[in-house]
Amino acid sequence: MNTLLKQIATLDDSRPTYILTSNAALQELKQLSKSGKAFAAATSEKKINTFSLVDQGRLVVMTICPDAKPLGKQLELLRREASAAVAIFKSYKASDVQFVATDVSEAQAAASIEGFVLTNYEFVKYVTRDQEKKSSPIKELHVLDTSLSQAAFAETSNLLKAVCLTRTLVNEPLSYLTAVQLAEDIQVAGKTFGFDVTVFDKAKIEELKMGGLLSVNLGSFTPPTFSILEHKPKNATNKQPLVLVGKGVVYDTGGLSLKPTANSMDFMKCDMGGAAVTIGIVAAAAANKLPLHIIGLVPSTDNRPGNNAYVPGDVITMHSGHTVEVMNTDAEGRLLLADALSYAKQYDPELVFDFATLTGAAARAIGPHGIAMMSTADRMQTEAVANSGQETYERVVEFPLWEEYGKMLKSDIADMRNLGGASAGAITAGKFLEHYTDYPWMHFDIAPVTYFHAPDAYKVKYGTGTGVRLIYHFLKNYSSVA
Ligand code: BES
Ligand code: ZN
Ligand code: ZN
């Protein structure tokens with residue numbers, strides 16, 4: 001996270017200031033002069049929610065909390081208004097900004113901070129020239145302690161650090177982030193956020209007979225890894241663990257079925273987005289000490305032709321013992337996810353989630369505004385995730401897992417093929433995975449939302465981190481009812 005967040009007890013008269021207030025409290029604002037208030041009132045009359053003024057020599061950006069229902073919609077507007085505020089502060093080259101919220105709820109103040117920090121996020125690790133031009137001037141956000149409690153501030157701060165970690169992992173190219181490096185980065189994150197990590201190397205993966213992961217890895221020069229993340233607090237309210245599985249394809253060329261669509265390979269460093277979301281969720285849960293036993297599983301490799309690459313027509317024996325006829329080496333994610341899903345059975349999990357940039361079909365079906373979700377979990381949990389989607393605005397849309405779709409995966413010579421028909425590509429991928437589960441399970445095809453080619457307010461260009469806030473919100477509720 002490139003914005004240093006800290007809580008302060010008093011405002012500094014000279015520092016650029018971001019004020020979030022209700023319209024009703026505008027006239028009582030201690031931080032503004034009389035003429036400042038008059039200007040603010042006149043501007044908000046014009047239905048402009050976010051605007052700047054120079055008041056007593058100090059740059060002030062204000063957001064008048066918009067009325068909108070339901071709450072999720074309003075919180076999203078606040079993130080977007082905060083994003084507009086960042087653009088204003090940047091244009092003034094502000095470096096340290098202080099934030100004060102009056103007459104709004106903690107959730108509203110937190111949404112503003114989210115919008116601010118996520119908009120100011122940047123990935124400039126590899127920039128060695130024109131640093132200033134490429135880097136945001138805003139380095140710190142100081143939050144006045146009357147805006148939200150210490151606990152809520154710490155929670156927001158940890159969650160944002162986790163989202164930014166997820167984004168950065170997605171943004172890292174293969175030249176840095178190989179499967180082996182991903183496992184090392186997970187170990188570093190474990191130390192930073194406070195969760196345990198075990199990494200299986202290729203020998204162990206062979207011993208476990210993870211045929212899906214090993215086959216995808218055959219074309220690679222780098223060995224595969226299988227990382228296990230664990231957050232196991234003493235006060236866990238769940239009897240059996242929750243397991244999160246993330247697709248960790250650090251680069252997807254398509255393998256020998258080389259990606260056929262022009263330019264579609266350009267951004268395939270994002271194909272470990274599911275792994276990055278899994279890591280972000282465990283990190284947020286651990287840092288915020290959620291009273292839940294959570295396990296993350298990250299199978300990882302790159303997918304490319306070369307070496308002894310697997311070929312269309314191959315038959316693979318999976319970790320579960322099932323056989324798969326490979327029809328297309330670009331449908332690789334489901335192979336390594338299937339191994340991880342079958343590995344998850346030993347935990348007798350209460351609920352399993354998987355996250356994967358799995359299909360272009362999901363992206364074509366819903367565009368960049370939602371996650372394609374499929375579920376065998378009970379309706380209450382499925383609805384709870386959908387509700388978390390509305391509140392965090394990381395929305396999910398449920399696709400069916402009707403048995404007819406399963407028939408599209410029939411093979412004559414093995415138990416299943418790794419490819420469905422011409423239609424319903426996101427669903428047949430989900431059906432493939434379902435085969436390897438025997439517990440309540442939700443599948444999230446995050447291909448639509450993981451990587452943006454153009455910015456959308458606080459969802460800046462490239463890795464978005466979408467999925468972390470969604471599932472953290474769900475888990476927090478789950479921990480209080482589990
Ligand atoms: N990694 C891709 C899916 C993807 C597409 C991710 C767009 C992010 C953005 C996946 O491995 C893949 O190649 N899927 C194929 C499946 C097909 C061969 C059945 C696809 O979607 O075309
Ligand atoms: Zn692929
Ligand atoms: Zn892929």
Side-chain angles (χ1 to χ4, degrees), residues 169-171 174 177 179 182 212-213 215-220 224 245-277 298-305 309-314 324-340 354-372 399 405 408-409 411 416-433 443-454 462-467:
L169 288 169
V170 169
N171 290 335
L174 179 67
L177 199 67
L182 178 61
L213 177 56
S215 296
V216 177
N217 181 252
L218 284 172
S220 178
V245 174
K247 173 177 172 182
V249 174
V250 285
Y251 197 84
D252 185 11
T253 65
L256 280 166
S257 314
L258 204 62
K259 286 206 169 289
T261 315
N263 303 112
S264 67
M265 214 189 287
D266 298 2
F267 54 97
M268 275 305 142
K269 67 176 183 181
C270 79
D271 212 18
M272 34 55 71
V277 163
V298 176
S300 182
T301 177
D302 52 329
N303 179 30
R304 60 164 108 205
Y310 77 138
V311 302
D314 271 352
V324 175
E325 183 184 9
V326 176
M327 300 309 293
N328 188 314
T329 62
D330 198 12
E332 84 296 341
R334 62 197 74 184
L335 299 174
L336 42 111
L337 285 170
D339 281 349
D354 79 71
F355 309 95
T357 47
L358 204 58
T359 65
R364 284 190 295 277
I366 45 186
H369 304 295
I371 297 170
F399 284 14
Y405 296 112
M408 296 163 85
L409 293 162
S411 163
M416 235 185 343
R417 292 177 157 193
N418 76 334
L419 196 66
S423 62
I427 299 175
T428 50
K431 277 313 264 189
F432 182 92
L433 297 179
H443 162 55
F444 297 83
D445 191 332
I446 57 170
V449 295
T450 294
Y451 196 84
F452 276 11
H453 302 275
Y462 309 134
T464 63
T466 305

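Every number for a ligand or one of its atoms is a count from 1 in the order of the listing. Side-chain atoms are counted along with the backbone in the values below, which use heavy atoms only and exclude waters and symmetry mates.
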With a heavy-atom distance limit of 4.0 Å, tell me whether [X] approaches ligand 1 through its side chain, its backbone, both, or neither.
| X | value |
| --- | --- |
| Asp330 | both |
| Val249 | neither |
| Lys247 | side chain |

Enter the distance from Ile371:CD1 to Ile366:CD1 here, rounded to the nearest 0.5 Å. 8.0 Å
Between CG on residue Leu409 and CG on residue Asn418, distance to nearest 0.5 Å: 8.5 Å
Run the ring-centre check on Tyr462 versus Tyr451 and record whether the distance is less than 6.0 Å. yes
Output the list of atoms in ligand 1 that are nearer than 4.0 Å to some heavy atom of [X], sorted by atom number.
| X | answer |
| --- | --- |
| Asp252 | 1 (N), 2 (C), 10 (C), 11 (O), 13 (O) |
| Glu332 | 11 (O) |
| Met268 | 1 (N), 4 (C), 5 (C), 6 (C), 7 (C), 8 (C), 9 (C) |

Using a 3.5 Å distance criterion without hydrogens, assess whether the side chain of Ser257 forms a donor-acceptor pair with backbone atoms of Asn328. no
Taking Asp314 for the side chain and Val311 for the main chain, is one N or O donor matched with an acceptor at less than 3.5 Å? yes
Pairing donors with acceptors under 3.5 angstrom, does anything connect the side chains of Thr359 and Asp445? yes
Side-chain donor/acceptor pairs under 3.5 Å, residues 264-273, sequence neighbours excluded:
| unit_1 | atom_1 | unit_2 | atom_2 | d |
| --- | --- | --- | --- | --- |
| Ser264 | OG | Thr261 | O | 2.8 |
| Asp266 | OD2 | Asn263 | ND2 | 3.2 |
| Lys269 | NZ | Asn171 | O | 2.6 |
| Asp271 | OD1 | Lys247 | NZ | 3.1 |
| Asp271 | OD1 | Thr357 | OG1 | 2.4 |
| Asp271 | OD2 | Lys247 | NZ | 3.1 |

Tell me, which protein residue and heavy-atom name are nearest [atom], and how many Å apart are they?
| atom | result |
| --- | --- |
| atom 14 (N) of ligand 1 | Leu358 O, 3.4 Å |
| atom 19 (C) of ligand 1 | Leu419 CD1, 3.0 Å |
| atom 6 (C) of ligand 1 | Thr357 O, 3.6 Å |

4.0 Å protein heavy-atom contact status of atom 22 (O) of ligand 1, strictly under: no
Polar contacts were defined as any N/O atom of the residue lying under 3.5 Å from an N/O atom of the ligand; does this apply to [X] and ligand 1?
| X | value |
| --- | --- |
| Thr359 | no |
| Gly360 | yes |
| Lys259 | yes |
| Arg334 | no |

Between Ile446 and Thr466, is there a side-chain heavy-atom distance shorter than 4.5 Å? no
Given the options Thr301, Asn303, Asp302, Ser220 meets side-chain hydrogen bond (donor to acceptor under 3.5 Å, both in side chains) only with Asp302
What protein N/O/S atoms lie closer than 2.8 Å to the Zn ion (ligand 3)? Lys247 NZ, Asp252 OD2, Asp271 OD2, Glu332 OE2
